[in-house]
Number of protein chains: 2
Amino acid sequence: MTDDRWEPPSVLLAVDLVILTLRDARLHVLLVERGVEPYQGAFALPGGFLHDEDEGIEAAARRELAEEAGLADVHLEMIGVYGDPGRDPRGRVVSVAHLAIAPWLPDPIAGTDAASACWTPVEDVLFASAYVQLAFDHRRILADGVERARTKLEHTSLATAFCAKTFTISELQQVYEAVWGVRLDPRNFYRKVQSARGFIVPAGPMRRPQSGRPARLFKAGPVQALYPPMVRSTQPGHEVLGGHAAGIAPEGGEHA
Amino acid sequence: MTDDRWEPPSVLLAVDLVILTLRDARLHVLLVERGVEPYQGAFALPGGFLHDEDEGIEAAARRELAEEAGLADVHLEMIGVYGDPGRDPRGRVVSVAHLAIAPWLPDPIAGTDAASACWTPVEDVLFASAYVQLAFDHRRILADGVERARTKLEHTSLATAFCAKTFTISELQQVYEAVWGVRLDPRNFYRKVQSARGFIVPAGPMRRPQSGRPARLFKAGPVQALYPPMVRSTQPGHEVLGGHAAGIAPEGGEHA
DNA sequence: TCAATAGTGTCTTTGAGACAGTATGTC
DNA sequence: GACATACTGTCTCAAAGACACTATTGA
């Protein structure tokens, strides 16, 4: 680090949250309507500034998660940093974006202060001619968060974070289908998920149908990294309508 | 974002660089000796504070890359943010860590101001009973950076960033062996690398042996994502001596 | 009975890993 | 010639994808 007599500039640090969940088999993100300038009235990702000098970044993210979404004990990981000068008209604001995964149906948000928060289908925001415009660079942050979720579904047990404590295999399949925007063969999915060692483990001989044969219940297994992985078939032909995979540049790295 | 009448705290923003390269078939990282407090005399990752209010984060990383390592036009990507309160005794310093990959043999650093910079074998720093102690939380940053490189080698063409503009297949194999800390079968590696569509393309019928049969030269192909991927054999039995894979927690995400 | 979903089996293709064998250079 | 490295072929096994088939529920 350079340590001269000169004073380095300081910045405002914020956290922003990409909170994803599944609602009626579609991927949704939690948005809030901004009540103040800038971007008053526009939708934005939940987030806020550090509370005080001594607050850790993840602590701030969890605080916002509780304050704005009423969520606790959910999967949370850092996505990256967004700090382009000029991204916020108020000055130099650097935002640390986080990805949170909420299990489905935690109600449209309990009675939190975030009265204006609402779950929005991700495609409505990310699709080329999007209905919903987001404040700041939040559309890009959302795109990166979704891409992160897609990738982690392949190699980790993240999908179980979308489910309740116990779940059926077809519920798990819905997660993959919604996040990837593809349709999968139930029979092959069944085998594949079972053959990934430690991914899911049986949770009682229980059952709970609606129509059709009752299904076994499972819970998340011990492993974090999947082997064999749940590879997304690269050879196309599976994309389902509204696939939001287009028009997003997921990776920022450049080669020489 | 919360927008009250209260003033949010500001922080100092720094960039730190994990610059990796290959030297005599081993993975090395560039370290600098700190000339001032804190941690005077200790080794640290190259890095520094933002220069001014208007400097972008990636721009700052590239500036440090040039100033401290004399490198330009190399692969650069963000690793993550390290901002625990108390990580820097000077106050609240939030560091954005980056991973840079330098092609091998750019000389032990040209005549830059970083006279004290030196390439250090990664294992010497990361191994359990490490010889080299790093300042701040830089050991953890290095571990995360190495883990990032390991993972990206599987699914992207990042390995070519370690090589010169043209390279032989066995040179590419050395990259994988050094970064993963494993030994690979040359025959299978040959086939595998060739079957990954768009990974490498022939670069002239050239050749350049030292002993043994001359090898064909290749250059980096057009694709970024590898298919099929170069999967690290999960079933162990391949780790080579000094494997630094142990004792590192690469992932910070937690499930509910 | 049918509709609907759960779960099993089987076949084909692709790729991973082991390793024999051939090609082409230097000494 | 020996030696070293580059490259090819072949075998076996594991897993992906396609899809026929059976099982178990409710209506």
Side-chain angles (χ1 to χ4, degrees), chain A residues 25 153-155 163 166-174 176-177 180 182-218 225-240, chain B residues 25 153-155 163 166-174 176-177 180 182-218 225-240:
Chain A
L153 243 50
E154 295 192 74
H155 307 288
C163 299
T166 65
F167 49 86
T168 67
I169 289 188
S170 66
E171 283 168 351
L172 194 60
Q173 181 179 343
Q174 280 184 47
Y176 279 90
E177 292 186 333
W180 285 352
V182 299
R183 189 144 292 271
L184 303 172
D185 183 300
R187 291 98 55 144
N188 291 334
F189 183 85
Y190 199 95
R191 258 195 305 100
K192 206 168 171 179
V193 132
Q194 298 256 51
S195 70
R197 274 78 84 163
F199 186 10
I200 58 174
V201 296
M206 318 267 296
R207 47 183 63 180
R208 48 168 182 187
Q210 255 174 309
S211 80
R213 172 177 175 176
R216 279 183 272 176
L217 285 179
F218 294 84
L226 295 189
Y227 191 84
M230 306 285 296
V231 183
R232 245 188 304 184
S233 66
T234 314
Q235 260 59 323
H238 282 280
E239 289 76 20
V240 92
Chain B
L153 243 51
E154 295 192 75
H155 306 288
C163 299
T166 64
F167 48 86
T168 67
I169 289 188
S170 65
E171 283 168 351
L172 193 60
Q173 180 178 345
Q174 281 183 46
Y176 278 90
E177 292 186 334
W180 285 351
V182 299
R183 189 143 292 269
L184 303 171
D185 182 302
R187 289 103 56 158
N188 291 334
F189 183 84
Y190 200 95
R191 258 194 306 101
K192 206 168 171 178
V193 133
Q194 298 256 50
S195 69
R197 274 78 85 164
F199 186 9
I200 57 174
V201 296
M206 317 268 294
R207 47 183 63 182
R208 48 167 183 188
Q210 257 174 309
S211 79
R213 174 177 173 176
R216 279 184 272 175
L217 286 180
F218 294 84
L226 295 189
Y227 190 84
M230 307 284 296
V231 182
R232 246 188 302 184
S233 64
T234 314
Q235 261 58 322
H238 281 280
E239 288 77 20
V240 92

Subject >> Rounded distance in Å - CG (L217(A)) to C1' (dG7(C)) >> reply: 15 Å
**OP:** Find out whether L172(A) and F199(A) are in side-chain contact, i.e. whether some heavy atom of one side chain is under 4.5 Å from a heavy atom of the other.
**Re:** yes
**OP:** Not counting sequence neighbours, which residues clear side chain to side chain contact (heavy atoms under 4.5 Å, CB included) with P214(A)? List them please.
**Re:** R207(A), P209(A)
Subject >> d(CG, D185(A); P, dA16(D)) in whole Å >> reply: 13 Å
Subject >> Atom-to-atom span, OH of Y190(B) to C1' of dG9(D) - whole angstrom >> reply: 14 Å
**OP:** Using side chain to side chain contact (heavy atoms under 4.5 Å, CB included) as the criterion, list what pairs up with Y190(B), not counting sequence neighbours.
**Re:** I169(B), Q194(B), R216(B)
**OP:** Rounded to the nearest angstrom, tell me the gap between atom CZ in R191(B) and atom C1' in dA20(C).
**Re:** 13 Å
Subject >> Atom-pair distance (CD on Q194(A); P on dA15(D)), nearest Å >> reply: 14 Å
Original post:
Mapping N188(B) and S170(B) onto DNA chain D by nearest heavy atom, which one lands closer to the 5' end?
Top reply: S170(B)
Original post:
OH of Y176(A) versus P of dA16(D): gap in Å, rounded?
Top reply: 12 Å
**OP:** State which residues pass side chain to side chain donor-acceptor pair (under 3.5 Å) with S170(A); sequence neighbours excluded, sorted by chain then number.
**Re:** T168(A)
**OP:** Would you indicate, yes or no, if dA15(D) has its OP1 or OP2 atom less than 4.0 angstrom from a side-chain nitrogen or oxygen of R197(A)?
**Re:** yes
**OP:** Ignoring backbone atoms, test whether K192(B) places a side-chain nitrogen or oxygen under 4.0 Å from the OP1 or OP2 oxygen of dG15(C).
**Re:** no
Original post:
Within the structure, does a side-chain N or O atom of R216(A) lie under 4.0 Å from either OP1 or OP2 of dA6(C)?
Top reply: no
Subject >> Nearest-angstrom distance from the residue atom CE of M230(A) to P of dA14(D) >> reply: 19 Å
**OP:** Just report the end-to-end axis angle for the helix from dT1(C)-dA27(D) to dC27(C)-dG1(D), five pairs per end, to 10 degrees.
**Re:** 0°
Subject >> Under the side chain to side chain contact (heavy atoms under 4.5 Å, CB included) test, residues paired with A203(A) that sit two or more places apart >> reply: T166(A), K219(A)
Original post:
Which letters describe nucleotides 21-27 of chain D, given B = protein heavy atom under 4.0 Å from base, S = only from sugar-phosphate, - = neither?
Top reply: --BBB--
Original post:
M230(B) versus L153(B): any side-chain heavy-atom pair under 4.5 Å?
Top reply: no
Subject >> All side chain to side chain donor-acceptor pair (under 3.5 Å) counterparts of R213(B), not counting sequence neighbours >> reply: none
**OP:** Check ring pair (Phe, Tyr, Trp, His ring centres under 6.0 Å) between F189(A) and all other residues, then give those that pass, not counting sequence neighbours.
**Re:** Y176(A)
**OP:** Return the value, rounded to whole Å, for the distance between atom CZ of R183(B) and atom P of dA18(C).
**Re:** 14 Å
**OP:** Under the side chain to side chain donor-acceptor pair (under 3.5 Å) rule, collect the residues that match up with R187(A), sequence neighbours excluded.
**Re:** D185(A)
